[in-house]
Amino acid sequence: MRQWVLVGVGAVVLVAVVLTLNFYQLPVVALSPGPAEDVLSRIKVADSTHVYDSKGKLFLTSVGIDDNVRFYQAILDFANPDVQLRPRQELFPKGQSTQQVDQQNASDMDESKQTAMVVALRQLGYHVEPQSVTVAAVLSGAPADGKLQVGDRILRVDDAAVSSIKQVQDTIRRHHVGQTVAFTVSRHDAARTVAVAVGADGGQPRVGVALHEDFGKLPVNLSIDTEDIGGPSAGLMFTLGIIDKLTPGDLTGGRRIAGTGQIEINQTVDPIGGIDEKLVAAKREGATVFLVPADNCAEAKAHPPSGLRLVRVRTLTDALDFLRPKAGDPAPQGC
């Protein structure tokens with residue numbers, strides 16, 4: 001009888017432990033292949049500019065994020081080769097709420113769309129110049145911390161009027177570490193001047209701010225519908241999609257082409273996270289080519305889906321050279 005009591009108690013304890021584990025949220029996130037969306041169907045041109053159709057598709061790729069991983073779900077995720085479990089703090093830094101991270105991702109997406117529009121239109125010969133510069137972030141502990149604020153519109157640096165990031169950077173670089181720079185900014189519709197000491201970062205004069213350029217009204221009325229996709233990594237594909245929409249011919253050549261990479265205003269393509277999941281997402285949509293940021297190549301070629309050609313891109317020019325090759329051009333570099 002005593003044995004049966006012990007067995008019964010053990011069973012109850014086991015059930016209690018199992019239920020407790022299942023309700024416990026693990027400090028990890030699960031990354032899985034997200035949707036792959038055809039950017040050509042999401043780019044809208046709202047004026048009389050000629051718009052051209054393509055027979056193929058240009059896919060942006062995304063990563064699905066599950067930030068509520070329970071014990072049994074984690075076991076299933078371990079068994080799924082298309083899912084990665086990563087420490088939660090990699091995506092949700094300590095001190096930042098899920099809402100704050102989501103807001104940052106949405107902001108990064110907006111920035112990515114604007115940069116893609118500017119880069120694409122400049123590539124097509126349009127004259128597009130920034131109209132103003134605002135402070136997008138202030139590094140904690142940096143010389144500008146407590147002096148400049150997010151949202152400050154920079155009117156002048158020292159005695160020079162500025163409207164571009166380059167103008168701000170060039171003026172700061174003319175100073176030595178320890179000297180001060182006078183920033184005249186518009187804050188809450190009032191102009192004020194603040195003195196900021198110059199520090200050093202990587203051997204270069206810095207004050208510790210991230211800046212955003214506003215280009216005002218663009219010469220072509222463009223919009224990109226991204227729904228609830230966030231982050232900056234679709235920039236390259238947005239840029240290619242706009243170029244394809246606004247030029248005769250067909251960049252896709254009738255193919256299903258996927259890719260990723262953050263586009264910079266100077267046309268460089270920056271690496272991104274989640275490349276493994278994005279390759280799987282592309283393959284599921286029937287893509288045969290994937291444009292990979294050069295610095296993601298080592299990771300991408302470690303586990304490439306069969307039948308998916310990986311093309312290394314370091315700049316927009318690399319991508320365009322692959323999509324519209326000329327006679328005698330060298331073969332594009334793979335990963």
Side-chain angles (χ1 to χ4, degrees), residues 31-47 49-65 82 105-106 108-121 123-124 218 220-263 269 272-293 296 300 304-305 307-311 313 316 318-324 332:
L31 306 182
S32 60
E37 305 283 353
D38 179 20
V39 299
L40 294 172
S41 67
R42 294 182 171 270
I43 297 170
K44 308 300 179 186
V45 184
D47 54 27
T49 304
H50 291 295
V51 178
Y52 302 90
D53 294 326
S54 296
K55 293 182 179 179
K57 295 183 183 297
L58 292 172
F59 291 108
L60 68 82
T61 48
S62 62
V63 177
I65 301 173
D82 294 337
N105 285 335
D108 289 344
M109 173 56 81
D110 290 341
E111 181 81 12
S112 175
K113 289 191 284 190
Q114 176 184 267
T115 302
M117 292 176 188
V118 172
V119 171
L121 292 177
Q123 178 68 26
L124 296 175
L218 297 176
V220 178
N221 190 354
L222 296 165
S223 64
I224 306 174
D225 177 19
T226 52
E227 294 181 352
D228 58 351
I229 298 174
S233 64
L236 172 63
M237 301 311 290
F238 288 151
T239 306
L240 295 173
I242 293 167
I243 293 171
D244 200 18
K245 281 275 190 182
L246 298 180
T247 53
D250 183 352
L251 279 182
T252 71
R255 295 168 293 180
R256 299 170 77 87
I257 297 169
T260 190
Q262 179 177 354
I263 194 77
V269 179
I272 49 77
I275 188 68
D276 288 341
E277 289 76 22
K278 293 180 178 183
L279 293 173
V280 174
K283 181 63 177 178
R284 287 178 179 176
E285 289 294 332
T288 57
V289 172
F290 197 100
L291 305 177
V292 183
N296 284 125
L308 188 62
R309 180 182 181 185
L310 306 182
V311 177
V313 291
L316 174 63
D318 293 338
L320 292 174
D321 286 348
F322 167 74
L323 294 172
R324 53 185 186 197

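Listed by first and then second residue, the salt bridge (charged side-chain N to carboxylate O under 4.0 Å, His left out) pairs involving residues 49-58 are Asp38-Lys57 (not counting sequence neighbours).
Residues Gly261 and Pro293 share a closest heavy-atom pair of CA-CG, 3.6 Å. Residue Thr115 comes nearest to Ile263 through the heavy atom pair CG2-O, 3.5 Å, listed as atom of the first residue, atom of the second, then distance. Contact record, Phe290 with Ala282: CD1-CB, 3.6 Å, taken as the closest heavy-atom pair. Scanning all heavy atoms of the two residues, the minimum distance from Gly56 to Leu40 falls at O-CD1, 3.9 Å.
With Arg256 contributing its side chain and Thr288 its backbone, the two residues share no donor-acceptor pair below 3.5 Å. A donor-acceptor pair under 3.5 Å is formed between the side chain of Asn296 and the backbone N or O of Ile272. Formation of a donor-acceptor pair under 3.5 Å by the Lys245 side chain with backbone atoms of Val45 is not found in this model. The closest donor-acceptor contact from the side chain of Thr239 to the backbone of Gly235 lies under 3.5 Å. A donor-acceptor pair under 3.5 Å is absent between the side-chain atoms of Arg42 and the main chain of Ile224, judged by distance alone.
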Task: Steps toward side chain to side chain contact (heavy atoms under 4.5 Å, CB included) verdict (Asp244, Leu323) - done: CA-CA 10 Å; Asp244 200 18; Leu323 294 172; over 6 Å; no

- [ ] Kindly indicate, with the supporting measurements, whether the criterion side chain to side chain donor-acceptor pair (under 3.5 Å) is fulfilled by Thr260 and Lys278.
- [x] CA-CA 8 Å; Thr260 190; Lys278 293 180 178 183; 3.2 Å; yes

- [ ] Step by step, work out the side chain to side chain contact (heavy atoms under 4.5 Å, CB included) result for Leu222 and Val220.
- [x] CA-CA 6 Å; Leu222 296 165; Val220 178; 3.9 Å; yes

Open item on the list: Under the criterion side chain to side chain contact (heavy atoms under 4.5 Å, CB included), I'd like the reasoning laid out for Thr61 against Leu279: C-alpha separation, chi angles, the key distance, then a yes or no.
Closed with: CA-CA 8 Å; Thr61 48; Leu279 293 173; over 6 Å; no

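With rounding to the nearest 0.5 angstrom, the CG atom of Asp276 is 12.5 Å from the OG atom of Ser32. Rounding to the nearest 0.5 Å gives a distance of 4.5 Å between CZ of Phe238 and CE of Met109. To the nearest 0.5 Å, the span separating CD1 on Ile43 from CD1 on Ile242 amounts to 5.0 Å. To the nearest 0.5 angstrom, Leu121 atom CG is 7.0 Å from Leu246 atom CG. Glu285 CD to Ile257 CD1: the interatomic distance, rounded to the nearest 0.5 Å, is 14.5 Å. From Ser223, atom OG reaches atom CG of Leu218 across 11.5 Å, with rounding to the nearest 0.5 Å.
Applying the side-chain hydrogen bond (donor to acceptor under 3.5 Å, both in side chains) criterion to Ser62, with sequence neighbours excluded, gives no partner residue. Applying the side chain to side chain contact (heavy atoms under 4.5 Å, CB included) rule to Pro33 yields the partners Asp82, Glu277, Val280, Ala281, Arg284; only residues at least two apart in sequence or on another chain are considered. Every side-chain hydrogen bond (donor to acceptor under 3.5 Å, both in side chains) that Lys113 has, sequence neighbours left out, goes to Thr226. Not counting sequence neighbours, the partners of Thr247 by the side chain to side chain contact (heavy atoms under 4.5 Å, CB included) test are Leu124, Ile243. Residues passing the side-chain hydrogen bond (donor to acceptor under 3.5 Å, both in side chains) test with Thr252 are Asp250, sequence neighbours excluded.
By the 4.5 Å heavy-atom criterion applied to side chains, Leu240 and Leu316 are counted as neighbours. Using a 4.5 Å cut-off on side-chain heavy atoms (C-beta onward), Val311 and Val292 make no contact. Contact of the Leu291 side chain with the Asp318 side chain is not registered, since no non-hydrogen atoms from C-beta on lie closer than 4.5 Å. The side-chain heavy atoms of Gln262 and Ser233, taken from C-beta on, include no pair separated by under 4.5 Å. Side-chain atoms of Glu37 and Val39, non-hydrogen and from C-beta on, never get closer than 4.5 Å to each other.
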